[in-house]
2 protein chains.
Amino acid sequence: MQTATARRAAAVPAAAKRPRGRPRKTVDERDDGNRRRKLILGAARLFRRKGFDGTSTRDIAAAAGMQSGSPFYHFESKQALLFAVMEQGMRHAVERQEQAIAAAGMDRLRPPEQLRLLVRNHFEILLGPGSDFIPVMLYEARSITARQHAALSELRSTYEAAWEPVLQALHASGRLKADVKLARLMIFGALNWSVQWFDRRKEASLDDLTQAALSLFIGEKA
Amino acid sequence: MQTATARRAAAVPAAAKRPRGRPRKTVDERDDGNRRRKLILGAARLFRRKGFDGTSTRDIAAAAGMQSGSPFYHFESKQALLFAVMEQGMRHAVERQEQAIAAAGMDRLRPPEQLRLLVRNHFEILLGPGSDFIPVMLYEARSITARQHAALSELRSTYEAAWEPVLQALHASGRLKADVKLARLMIFGALNWSVQWFDRRKEASLDDLTQAALSLFIGEKA
DNA sequence: CCTACCGATCGGTAGG
DNA sequence: CCTACCGATCGGTAGG
């Protein structure tokens, strides 16, 4: 219904209805974008809850209000859809981290507070609202191709690059005693593992988690 | 072939061939035990590499040298086989930890060295030879029933119970600054995550990992 | 994007 | 434990 209406509206010259602003995309493209996004969102939720192999493309279609064959109009394969989920998740994570760094004026903070900022933001990405994308990326890596994996690794490097100087500085000042490379891997382990046990409805808040992490890694008190 | 030979041997009175020792089980039971173990071992490997949903019971049968329907002679269902993998992994882990504690005379060690012992042993269980069981248990929890999950939780509590007094002591002495409960979750996260990146063939050894973990958590130097 | 469909594969079972 | 098989489901496609 909505589509039919939109199509009819598109027959009217655009200028008659939208005199200002730059030209919009055609209706078809707009719809396609929405449907595509809806598929990705639903797939993220399902992949997280039931795993990639445990989710059928029919499940995903139903979640997006489509018929069983329709996802393949938008994505070449189920695997391509998985990759889209992961890629979008990583792009979003990189973006949010950049924003958090910029908003806090991170270079003015001392290293312990820099780490706090990064950890807190990481928990947000991992456990905050709409946080299915990164867990899928973390736990379904097995199901993508080597080429796709390489593309994601680049985004991951970008994300992790922001942590490196902070950890180096903490190591140099003696606050972080462990080897920096292994410390980074273990820190991400400690944080990423939280998706296994964190329950938004009870117990600790993201602030509590952040504080515990800081205390654990660099003995930083509240 | 082997089976046929064994069956023929069984027709000979046991006393004629084994004059001493307590009576053995019948050949059928012995074989069943071997086949069962072989299925569990192969399933552990496959579940780890391809995931529970990505592994077919035919794969598992082939890995054990059986025909496609035969695993169901030994296990009620694919899920029961998964549970068997997890349960055996946890029982083995609990056993090994108890042995490590006894062998080291842990109560004579000071808390930092107690933690070192537990961490080192945990890495061994997680990353040492034949270490597919625990990763499967950690990453395929989604695919077992609530009842099975409860049974494993008990074993897990037993395993974790050994860590609690150590962490408490470290907290009391100021070495561990973080909240003990959250610290425990994050420590296990840091350790368990290593199955995602650790490569036995290169870089760090299990001793290196242990040292890095100790440095990170309680600032303990080499 | 839907309809209708395909070949392949899956977990599991009966009967021996 | 094998043989032979079942119904269900799966990812994906042609044609509109």
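Protein chains get the first letters and strands the later ones, always in sequence-line order, with residue 1 at the start of each.
With hydrogens and angles disregarded, no donor-acceptor distance shorter than 3.5 Å links the side chain of B:Asn121 to the backbone of B:Leu118. No donor-acceptor distance shorter than 3.5 angstrom exists from the side chain of A:Ser143 to the backbone of A:Phe52, with no hydrogens or angles considered. Counting only distance, with no hydrogens or angles, the side chain of A:Ser194 and the backbone of A:Ala190 share no donor-acceptor pair below 3.5 Å.
Between the CZ atom of B:Arg58 and the C1' atom of D:dT3 there is a distance of 12 Å, given to the nearest Å. Whole-Å rounding puts the B:Leu39 CG to D:dC2 P distance at 10 Å. Atom C1' of nucleotide C:dA14 and atom OH of B:Tyr73 are separated by 15 Å, given to the nearest angstrom. Rounded to a whole Å, the CD atom of A:Gln79 is 8 Å from the P atom of D:dG12. In this structure, the CG atom of A:Asp53 is 9 Å from the P atom of D:dG11, given to the nearest Å. Counting to the nearest Å, the C1' atom of D:dT13 and the CZ atom of A:Phe75 are 18 Å from each other.
Atoms CD and CE, from A:Glu87 and A:Met90 in turn, are 10.5 Å apart once rounded to the nearest 0.5 Å.
Side chain to side chain, A:Ser205 and A:Asp208 meet the donor-acceptor criterion of an N or O pair below 3.5 Å.
Across all strands shown, the partner of C:dG7 is D:dC10, judged by Watson-Crick or G-U wobble contacts whose two distances both fall under 3.5 Å. Pairing partner, D:dG15: C:dC2, with both Watson-Crick or wobble hydrogen-bond distances short of 3.5 Å.
Closest contact between the side chain of B:Phe72 and the listed nucleotides D:dG12, C:dG12, D:dC1 involves C:dG12. With distances taken from any side-chain atom of B:Met66 to the nucleotides D:dC2, C:dG12, C:dC1, the minimum falls on D:dC2. Closest approach to the B:Lys78 side chain among C:dG12, C:dC1, D:dG12 is made by C:dG12 (side chain taken as heavy atoms from C-beta onward). Residue A:His74 has its side chain nearest to C:dC1 when only C:dG12, D:dG12, C:dC1 are considered.
Phosphate proximity of C:dC1 to A:Gln67: absent, as no side-chain N or O sits under 4.0 Å from OP1 or OP2. Under 4.0 angstrom from either OP1 or OP2 of C:dT9 there lies no side-chain N or O belonging to B:Ser56.
At the heavy-atom level, A:Ser70 lies under 4.0 Å from base atoms of the strands shown.
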